[in-house]
Every structure is written in structure tokens, then in C-alpha cells.
Visitor: 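What follows is a single structure, and I will ask about it in a moment.
Here is the naming used below: chain letters follow the sequence lines, and residue numbers restart at 1 for every chain.
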Amino acid sequence: MSEVRVRIAPSPSGNLHIGTARTALFNYLFAKKNNGKFILRIEDTDADRTSQEYIDNIFDSLKALGLNWDEGPDVGGPYGPYTQSERFDIYPKYVQKLLDSGFAYECFCTPEELEQEKQEATEAKRAYVYSKKCENLTEEQKAKLRSEGRKPAIRFNIAKAQKAFHDSSILEFDDIVKGKLHMDTNLLGDFVIQKSNGAPTYNFAVVIDDALMKISHVIRGEDHISNTYKQILIFEALGFEVPKFGHLGMILAPDRSKLSKRHGATAVSDFVKQGYLTDALINFVALLGWSPSDGEEIKTVDQIAQDFRIGEISSSNSIFEYDKLKWMNGHYIKQIPIEQLKQMLKPYLTKYDLTELTDEQYTKMVEITREPLTLLSDITDAVPYFFGKDVQIDPEAQEKTLDTDVAQDVLKDFVSKAKDWDWNEENLHEKLADFRAFWKESVGIKPKVTMWAIRAAITGRTCGADMVGILEILGKEKSLYRANKAIK
RNA sequence: GCCCCCAUCGUCUAGAGGCCUAGGACAACACCCUUUCACGGUGUAGACAGCGAUUCGAAUUCGCUUGGGGGUACCA
């Protein structure tokens, strides 16, 4: 196997799933580590479930994650086209080859007949495998069936292929992440490679595409293990070189079921919409199964690629825990340069009138409110008090803070003193410190209680950004107006 | 039902026979810092699924059981 060529082959029946993104990442890392090529192929053989919107979403998400492909539907490449539906004229040739060599045969069974077989198997508590009743149809029988208007599907002859290339019915292969895997091919059943409508099935199309695109390593989810045996046999029957396979554990939701919509976001674009950063997403997902040799978990894709060894990926399933993703996202948000962050936050501030603030004030606001953000979207609820003349007072802040005698006294004092203060950061910082000290020394009020009164009056809540910064952004007039209004 | 895969703290994992009285990260809890929330810092608690076997010695090897996941389509 000379050149490393790997691929990600999503089917556009939905937006790019986070699990697919992880598979794409591991393929990408493997390619980068081995100076290979990373290829994108769209598997849209099932026209009913495919849509252009999903295809666009897959492209955009992969790009946003930084997983750029060397060959694909848009950029082309030497082995295109890279969209399965545009390759339909390629497959029949190989079906015919299999038919000619006896590794495949026509099957005229109707869906009803097949259903019947399955039912009988279930009732007899037997594992269902296709009966092969069409395997040895004579030409006359076929012609008769055809004249009745029946269109045949083409089935692959498992036993024949297995016998031709292997000693026993056990098929074994060496998985690059899981090690030796095996299966008794008698249990597989002759599967359809071409539907009666002429379209290739998944298991057939992948083999042809992987072979023609010279894919050297197939790295995918372990839900494909059972397909691998079928695929190996097709590779062999067609005389293609069999690629190496690697199967990754699945990503499960916290309740150990399949990660699905009801658990929250599942598509990369959903996460982004919710305020997750693609850098955090890709970093987090890399840690599901892979771990850095130096123990440092925060890493860029390039750094991970240096350290990546496919054989060291954990082969067990892993649970997608949002907590750690959030922590990591917060970590990444802290590293974004302020100017960039200002732009990134804007989509989450549409309910406010940003023109109320000068650019300088907006910068300041972002500076003092960014610290506790774990999601970009957290900004929405963190800043309402920077806008409008009046502020909405939180009921609890009203009751537990503003309604107390201490708070009322503090506020009266604040208003009378602050009206003479110079309203700039340095001075406010100093004056506020003096103000706290005064209340502590003369009346014995804790600094934080003093600040709570002011904070509640001006922001309507008892927690939030740095008070000096808030006062500065709001300005003297608005600040004192709100303070006055809170006094009974 | 049948087949396949997997199994270390709640979660992600380190660990490839003695370095393990099992290490780290997130979450939890406590304390410190502090004008609040948070950040940060310091600690605490928390796991080798069970049973057998191999071995002087097992989280690490083997078998069984249990548990979880996947597959069993003219879906991909």
C-alpha cells in the first residue's frame, strides 16, 4: 500500500452529525500523520432521503471544523466524480462482471416472498438468512419471471466467494484499531448489490468507490463491522486490492442510547448555533477515544495530528458528556482576541439596540462580561442592564437586597456622594473603594453587601460584571437615575 | 432469537505482569483569592463489573458469567 488515502463518506440525509465529524477527524488526522490524502465523498444513493441543503451543511460544517479535504465533489480530483449519484453509470459494469464470474445472481423474489421467509425464520426462532432460492434458476425460469413483469435484483453469492478465497467459512481481518475480527460467513446471507430499480446498494457502491478511488484505509464507526465482511468478499471477487479497515467505538448519549435530537444538539451546526466554538468541538471530540501523550488536553488539530497513532485509539464506546465540552468551550472563548469576540457575539445580541453604545463602550462591555461565558450565547442574558434607561429588577434582588434598610441607606449615601464624582474608571475605582471602606468602618457593613445594594439598583441583579466598568459604560446620568429610582 | 464488538472513578481517559496503597482532566464538595457571579489557586471524595484459571506476582494474560453497544433491509 503505497500512498495513504482515506475518506469520509457521509450520506446527506441530515446535517453533519457530531459522530460523523469525529470519524472525519480521525480520518483527517491519520492522513495528516502519514502524509496522505483526505477525501470527501457524498453517498446519496438513496435519493428519497437526500437533499441539497444537507449537502451544503456537510460541506460548511467540515470546513468550519478545519477538516479540509484534498479531493471531493467541489474541488474534484483524479478519481471523480465524488458524488455517488453521479457515478451510477459506473456500477453496472461491475455488477455484470460479478454476474459473469458467477459471484452474483439474479433474484426475482418479491418483497412479500422475502417477508414470508423472514417471518418463518422468526417463528422457528432461527436466524434469518436468504434462502438462495433464486441461485440456480434456469434461463427458461428467468425468462418466464421476466415476462410476468418481474424485475430482478442482483444478489452477491457469499458462499461462493468465501470458498474461492478462503479455507473455511470463517472470514478474518486485522482491524487497525480493534485487532483481529472474525465472522462466520454462513450467517451473512446473500445480500442485494443492485436493487430491482437498477440502483446499487450501499455495500456494493462503497466497495466500487473505495477501490476506484484507491482508498488505502477505511476508518469508520463500528456499526460497519458486519458490513466489512461483505465488502471484503466483493473486493476479492472483483480482484481489487482489499484496503485496511479500522473501526471506531460509537458516541453515546449520557443515557447510553444513541446520541439523538432529544439529548440536545447532535449536528455540528446545531452546536455552533448554540454558541459552541468549532475549535472546542473538534478538540473535545478528539478526546473521545484518543488521549495526548503529554497529558495536555487543549490542542489544535495540527498538534493532535503530530501525536496521533491510530492503533492507540480506544476501541470502546464513549459517552458524550456536555459538561466537559462546555468547560473546554469556555476555555477557548477566553483566548479569542477582543475584536474578534466582539464580532462573534453580535449574533447573540440582536435583541438589544447596539447603537446605544459607542464602539468603545461595546468593547468595554465585552471585556467585562466575557469571563464567565461558557457558550457564546450566554452573552444574551448577561448584558440586558447595559441597554435602555430603566432596568428590570429581578424579584429576588428586590426582596432580598433592595427592600432591606441597609440597602436603602447605602443607596441614599451613594447617590449623594456619587453626584460629585468624576466619572472615569480610575476615579470610580478609588471612590468605590473608599465608599466600601466607609460603610465597613462606620457601620460594619460587609463590602459585598454594600456593593450588592448598588449593583441591584443599577443592574437589577446581584451578580454580574465588574461594577466600575458597568458604571463607566452606563455613564453618570443613567447610573444615578437608576440608583435614585431604587430608593423608596 | 442469532451474530459481532466492548468493559479502570459519575464522564473522558493513563495504564501493554512487578514502577499501581491505580495517575490526569471534566463534573461534585471544601477552602483561599475577591465588589457579586465567574476565573484562578489549594485540597477532599471517587474506579480496576463478578467468578475462576495461569503466575512467585494480574487492572494488565486466558475462560465463563453479567452488563452495555452494534448488526441482522431491494437504508446508508
Visitor: Is there a side-chain polar atom (N or O) of A/S318 under 4.0 Å from OP1 or OP2 of B/U13?
Guide: yes

Visitor: Taking only the P atom of each, what is the distance from B/G68 to B/C12 in whole angstrom?
Guide: 16 Å

Visitor: So which of A/R155, A/K142, A/R150 actually passes salt bridge (charged side-chain N to carboxylate O under 4.0 Å, His left out) with A/E106?
Guide: A/K142

Visitor: Would you mind classifying the nucleic acid contact of A/E371 as base, sugar-phosphate or nothing, using non-hydrogen atoms under 4.0 angstrom?
Guide: base

Visitor: Hunt down the Watson-Crick or G-U wobble partner of B/C75, both distances under 3.5 Å, from any strand shown, or write none.
Guide: none

Visitor: Quick check for you: among B/C12, B/G69, B/C74, whose closest atom lies nearest to any side-chain atom of A/I319?
Guide: B/C12

Visitor: Using a cut-off of strictly less than 4.0 Å, decide whether A/S291 has a side-chain nitrogen or oxygen near OP1 or OP2 of B/A14.
Guide: yes

Visitor: Tell me whether the centres of the aromatic rings in A/F320 and A/F284 are closer together than 6.0 Å.
Guide: yes

Visitor: Quick check for you: among B/C74, B/U35, B/C37, whose closest atom lies nearest to any side-chain atom of A/V192?
Guide: B/C74

Visitor: Minimum heavy-atom separation for A/P73 and A/L40, please, with both atom names.
Guide: CD-O, 3.4 Å

Visitor: Look at all strands and tell whether A/A121 reaches a base, only sugar-phosphate, or nothing, counting heavy atoms closer than 4.0 Å.
Guide: nothing

Visitor: Select one nucleotide: of B/C6, B/G69, B/G71, the one nearest the side-chain heavy atoms of A/M250.
Guide: B/G69

Visitor: Rounded to the nearest angstrom, tell me the gap between atom NZ in A/K448 and atom P in B/C33.
Guide: 12 Å

Visitor: Considering only atom P, compute the distance from B/U11 to B/A28 and round it to an integer number of Å.
Guide: 16 Å

Visitor: Under 3.5 Å between N/O atoms: give me all the protein pairs with nucleotides 25-31 of chain B, atom names plus distance.
Guide:
from: B/A25; atom 1: O2'; to: A/E297; atom 2: OE1; distance (Å): 2.7
from: B/A25; atom 1: O2'; to: A/K324; atom 2: NZ; distance (Å): 3.3
from: B/A25; atom 1: N3; to: A/K324; atom 2: NZ; distance (Å): 3.3
from: B/C26; atom 1: O2'; to: A/K324; atom 2: N; distance (Å): 3.3

Visitor: Remember a base hit wins even if backbone is also touched, and classify A/G330 as base, sugar-phosphate or nothing at under 4.0 Å, heavy atoms.
Guide: nothing

Visitor: Scan A/R455 against the nucleic acid and name what it touches under 4.0 Å (heavy atoms): base, sugar-phosphate only, or nothing.
Guide: base

Visitor: Would you mind pulling out the nucleotide paired to B/C31, Watson-Crick or G-U wobble, both distances under 3.5 Å?
Guide: B/G41

Visitor: What's the closest nucleotide to the side chain of A/A127 if the choices are B/G1, B/U35, B/C74?
Guide: B/G1

Visitor: In this structure, which one of A/F271, A/W327, A/Y322 forms a ring pair (Phe, Tyr, Trp, His ring centres under 6.0 Å) with A/Y276?
Guide: A/F271

Visitor: Just to be sure I understand the rule, does A/D184 reach a base, reach only the sugar-phosphate, or reach nothing, if contact means heavy atoms closer than 4.0 Å?
Guide: nothing

Visitor: Could you say whether A/A153 or A/K125 is positioned toward the 5' end of RNA chain B, judged by the nucleotide with the nearest heavy atom to each?
Guide: A/K125

Visitor: Rounding to the closest angstrom, what is the interatomic distance between B/U54 and B/C62 at atom C1'?
Guide: 7 Å

Visitor: Taking atom P in both B/G24 and B/C9, what distance in whole Å separates the two?
Guide: 16 Å

Visitor: Tell me whether the OP1 or OP2 atom of B/C74 has a side-chain N or O from A/R155 closer than 4.0 Å.
Guide: yes

Visitor: Can you tell me how far P in B/G17 sits from the matching atom in B/A59, rounded to whole Å?
Guide: 13 Å

Visitor: Return the nearest nucleotide to the side chain of A/L114; candidates are B/C74, B/U35, B/A76.
Guide: B/C74

Visitor: Measure centre to centre between the rings of A/Y202 and A/H224, then say whether the value is under 6.0 Å.
Guide: yes

Visitor: Check A/L288, A/I282, A/N27, A/L281 against A/R22 for a side chain to side chain contact (heavy atoms under 4.5 Å, CB included) and give me the one that passes.
Guide: A/L288

Visitor: May I ask you to test the A/E222-A/V177 pair for a side-chain heavy-atom distance under 4.5 Å?
Guide: no

Visitor: Can you tell me the base-pairing partner of B/C9? Count Watson-Crick or G-U wobble geometry only, both distances below 3.5 Å, and say none if there is no partner.
Guide: none

Visitor: Measure from the side-chain heavy atoms of A/N203 and tell me the nearest of B/A76, B/A73, B/C3.
Guide: B/A76

Visitor: Less than 4.5 Å apart, any side-chain heavy atom of A/L137 and any of A/Y105?
Guide: no

Visitor: With heavy atoms under 4.0 Å as the rule, sort A/H182 into base, sugar-phosphate or nothing.
Guide: sugar-phosphate

Visitor: If you measure from the C1' atom in B/U65 to the same atom in B/C26, how many Å do you get, rounded?
Guide: 33 Å

Visitor: Is A/M183 touching bases, backbone alone, or none of the nucleic acid, heavy atoms closer than 4.0 Å?
Guide: sugar-phosphate

Visitor: Does A/R256 put a side-chain nitrogen or oxygen below 4.0 Å from OP1 or OP2 of B/G67?
Guide: no

Visitor: Between CE of A/M328 and CG of A/N283, what distance do you get to the nearest 0.5 Å?
Guide: 4.0 Å

Visitor: Under 3.5 Å for both donor-acceptor distances, Watson-Crick or wobble: does B/U61 have a partner, and if so which one?
Guide: B/A53

Visitor: Give me the one residue out of A/Y128, A/F156, A/Y130 that meets ring pair (Phe, Tyr, Trp, His ring centres under 6.0 Å) with A/F191.
Guide: A/F156

Visitor: Give A/L181 one of three labels, base, sugar-phosphate or nothing, depending on what nucleic acid heavy atoms sit under 4.0 Å from its own.
Guide: sugar-phosphate

Visitor: If the P atom of B/A47 is compared with that of B/A22, how far apart are they to the nearest Å?
Guide: 10 Å

Visitor: Which is true for A/K178 with a 4.0 Å heavy-atom rule: it touches a base, it touches only sugar-phosphate, or it touches nothing?
Guide: sugar-phosphate

Visitor: Provide, to the nearest angstrom, the distance between the CG atom belonging to A/D466 and the C1' atom belonging to B/C39.
Guide: 13 Å

Visitor: Considering every strand shown, what is the Watson-Crick or G-U wobble mate of B/G46 when both distances are under 3.5 Å?
Guide: none

Visitor: On a whole-Å scale, what distance lies between the C1' atoms belonging to B/A30 and B/U21?
Guide: 24 Å

Visitor: Report the residue (A/K195 or A/K334) whose heavy-atom-nearest nucleotide on RNA chain B is the more 5′ of the two.
Guide: A/K334

